[in-house]
J.: 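So that we are looking at the same thing, I have put the structure below in structure tokens.
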Amino acid sequence: MDIQSTPGHLIRRLNQISVALFMDRMAQAGLNLTPVQYAALSAIRDHPSIDQATVAGLVAYDRATLGKVIDRLDSRGLVRRTTSRSDRRAKDLTLTAEGAALLRQVRPHVNALQPDILAGLDPDEAELFLKLLKKATLAGNGNSRAPMKTPAARPTRPRD
């Protein structure tokens with residue numbers, strides 16, 4: 001089989017294209033953010049006071065690499081780490097005002113570049129491609145070295 005026709009090669013190429021488009025758009029906007037940093041900030045925004053391991057699961061990144069990403073975001077003042085109330089060894093993450101502002105500034109750029117990633121597909125083809133891509137990704141999630149994991153629901157206290 002020709003490598004140019006294999007799913008793994010084509011997925012890798014599409015990922016390269018996606019990252020290049022993201023980085024070019026950020027540079028044009030004068031913004032300093034990578035796709036993984038964007039994903040981490042988005043996960044933290046959507047789950048305030050989330051621990052770092054859970055962020056890694058949400059964005060499907062290994063803990064060690066994500067730790068370095070969080071270090072960079074912390075050093076830039078975009079996230080705040082605090083000691084977890086439930087596990088003193090863990091750190092909870094929240095967005096700072098600067099992190100939230102950066103996400104608001106970046107979001108329109110990220111939304112605008114999405115169609116460019118699937119350039120050449122008409123809207124129906126793009127919709128079908130995304131549906132199949134999600135299906136294949138979910139089916140193979142367990143084979144990943146860093147599978148996507150959704151956070152467990154936090155226990156709620158019964159009301160009196």
Side-chain angles (χ1 to χ4, degrees), residues 3 6-118 129-154:
I3 192 168
T6 61
H9 177 75
L10 292 170
I11 291 166
R12 182 186 64 77
R13 287 289 299 129
L14 189 57
N15 180 63
Q16 287 176 320
I17 292 163
S18 174
V19 170
L21 289 169
F22 185 98
M23 296 306 293
D24 287 348
R25 186 68 58 107
M26 293 304 110
Q28 290 170 9
L31 299 167
N32 177 19
L33 200 66
T34 68
V36 176
Q37 290 171 342
Y38 175 76
L41 288 173
S42 295
I44 295 165
R45 179 206 55 222
D46 294 344
H47 304 275
S49 297
I50 190 171
D51 65 273
Q52 194 166 299
T54 304
V55 173
L58 283 170
V59 301
Y61 240 71
D62 67 273
R63 289 183 188 187
T65 303
L66 188 78
K68 294 174 187 171
V69 170
I70 299 297
D71 287 344
R72 283 188 219 100
L73 296 173
D74 183 34
S75 70
R76 291 176 58 194
L78 301 174
V79 298
R80 181 176 301 109
R81 288 177 167 145
T82 55
T83 301
S84 172
R85 290 182 182 178
S86 60
D87 180 352
R88 304 211 36 83
R89 298 167 295 171
K91 298 290 183 187
D92 288 339
L93 304 170
T94 54
L95 286 185
T96 62
E98 294 83 3
L102 178 61
L103 264 182
R104 284 191 301 275
Q105 186 179 8
V106 167
R107 182 167 294 255
H109 297 287
V110 172
N111 291 341
L113 72 85
Q114 297 308 305
D116 298 341
I117 295 170
L118 300 180
F129 177 78
L130 286 174
K131 180 180 177 181
L132 294 172
L133 187 60
K134 285 178 187 178
K135 184 177 182 178
T137 302
L138 288 173
N141 188 52
N143 297 320
S144 174
R145 291 182 182 192
M148 184 180 69
K149 299 175 187 169
T150 56
R154 293 184 180 202

J.: Calculate, to the nearest 0.5 Å, the distance between atoms NE2 and CG belonging to His109 and Asn111 respectively.
T.: 10.5 Å

J.: For a side-chain contact (heavy atoms from CB on, under 4.5 Å) check, start with the C-alpha distance between Leu95 and Val79, then their side-chain angles and the critical distance, and finish with the verdict.
T.: CA-CA 4 Å; Leu95 286 185; Val79 298; 4.2 Å; yes

J.: Take Val36 and Thr65, measure what side-chain contact (heavy atoms from CB on, under 4.5 Å) needs, and give me the verdict at the end.
T.: CA-CA 10 Å; Val36 176; Thr65 303; over 6 Å; no

J.: By the definition side chain to side chain contact (heavy atoms under 4.5 Å, CB included), identify the one residue from Ile50, Val59, Asp92 that meets it with Ile44.
T.: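 Looking at Ile50, Val59, Asp92, the match for Ile44 under the side chain to side chain contact (heavy atoms under 4.5 Å, CB included) is Ile50.
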
J.: State which residues pass side chain to side chain contact (heavy atoms under 4.5 Å, CB included) with Ser75; sequence neighbours excluded, sorted by chain then number.
T.: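 Expected list: none.
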
J.: Measure the spacing between CG of Leu133 and CG of Leu14 and express it to the nearest 0.5 Å.
T.: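 So the CG of Leu133 and the CG of Leu14 are separated by 8.0 Å.
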
J.: Could you walk me through whether Leu31 and Gln105 pass side-chain contact (heavy atoms from CB on, under 4.5 Å), step by step?
T.: CA-CA 9 Å; Leu31 299 167; Gln105 186 179 8; 3.5 Å; yes

J.: With rounding to the nearest 0.5 Å, note down the distance linking CD in Gln37 to CG in Leu78.
T.: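 Reported value, rounded in 0.5 Å steps: 8.0 Å.
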
J.: Would you check, one step at a time, whether the test side-chain hydrogen bond (donor to acceptor under 3.5 Å, both in side chains) holds for Lys91 with Thr83?
T.: CA-CA 5 Å; Lys91 298 290 183 187; Thr83 301; 3.3 Å; yes

J.: Take atom CZ in Arg12; do more than 12 heavy atoms of anything else shown fall under 6.0 Å from it?
T.: yes

J.: Between Val69 and Val55, is the side-chain contact (heavy atoms from CB on, under 4.5 Å) condition met? List the steps.
T.: CA-CA 11 Å; Val69 170; Val55 173; over 6 Å; no

J.: Where do Leu113 and Leu21 come nearest, in terms of heavy atoms and distance?
T.: CD2-O, 4.1 Å

J.: What is the minimum heavy-atom distance between Ser18 and Ile117, and which atoms define it?
T.: OG-CD1, 3.5 Å

J.: How many angstroms lie between CD in Gln114 and CZ in Phe22, if you round to the nearest 0.5 Å?
T.: 9.0 Å

J.: Does anything in residues 14-30 pair up under salt bridge (Lys or Arg N to Asp or Glu O under 4.0 Å), and if so which pairs, sequence neighbours excluded?
T.: Arg25-Asp116

J.: Taking side chain to side chain contact (heavy atoms under 4.5 Å, CB included) as the criterion, tell me which of Asn32, Val110, Thr34 meets it with Met26.
T.: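 Filter result, single survivor: Val110.
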
J.: Say you draw a straight line from CD of Glu98 to CG of Leu73; how long is it, rounded to the nearest 0.5 Å?
T.: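 The CD atom of Glu98 sits 12.5 Å away from the CG atom of Leu73.
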
J.: Applying salt bridge (charged side-chain N to carboxylate O under 4.0 Å, His left out), run through Asp51 and Arg63 and close with a yes or a no.
T.: CA-CA 11 Å; Asp51 65 273; Arg63 289 183 188 187; over 6 Å; no

J.: Over all heavy atoms of both residues, which pair between Ser42 and Leu103 is shortest? Give the atoms and the distance, please.
T.: OG-CD2, 3.8 Å

J.: Please report the closest heavy-atom contact between Ala56 and Leu66, naming both atoms and the distance.
T.: N-CD2, 3.2 Å

J.: Please check if atom OH in Tyr38 has more than 12 non-hydrogen atoms from other residues, nucleotides or ligands closer than 6.0 Å.
T.: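 Correct, the count exceeds 12.
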
J.: Just checking Arg80: does its CZ atom have more than 12 heavy atoms from other residues, nucleotides or ligands closer to it than 6.0 angstrom?
T.: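 No - once you tally the heavy atoms of other residues, nucleotides and ligands closer than 6.0 Å, there are 12 at most.
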
J.: State, to 0.1 Å, how close Ala146 and Tyr61 come at their nearest heavy-atom pair, and which atoms those are.
T.: CB-C, 3.5 Å

J.: Might you point out which heavy atoms bring Thr6 and Ile3 nearest each other, and give the distance in Å?
T.: OG1-O, 2.9 Å

J.: To the nearest 0.5 angstrom, please state how far the CE atom of Met148 sits from the CG atom of Leu138.
T.: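 These two atoms lie 5.5 Å from each other.
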
J.: Between Arg81 and Asp71, is there a salt bridge with N-O shorter than 4.0 Å?
T.: yes

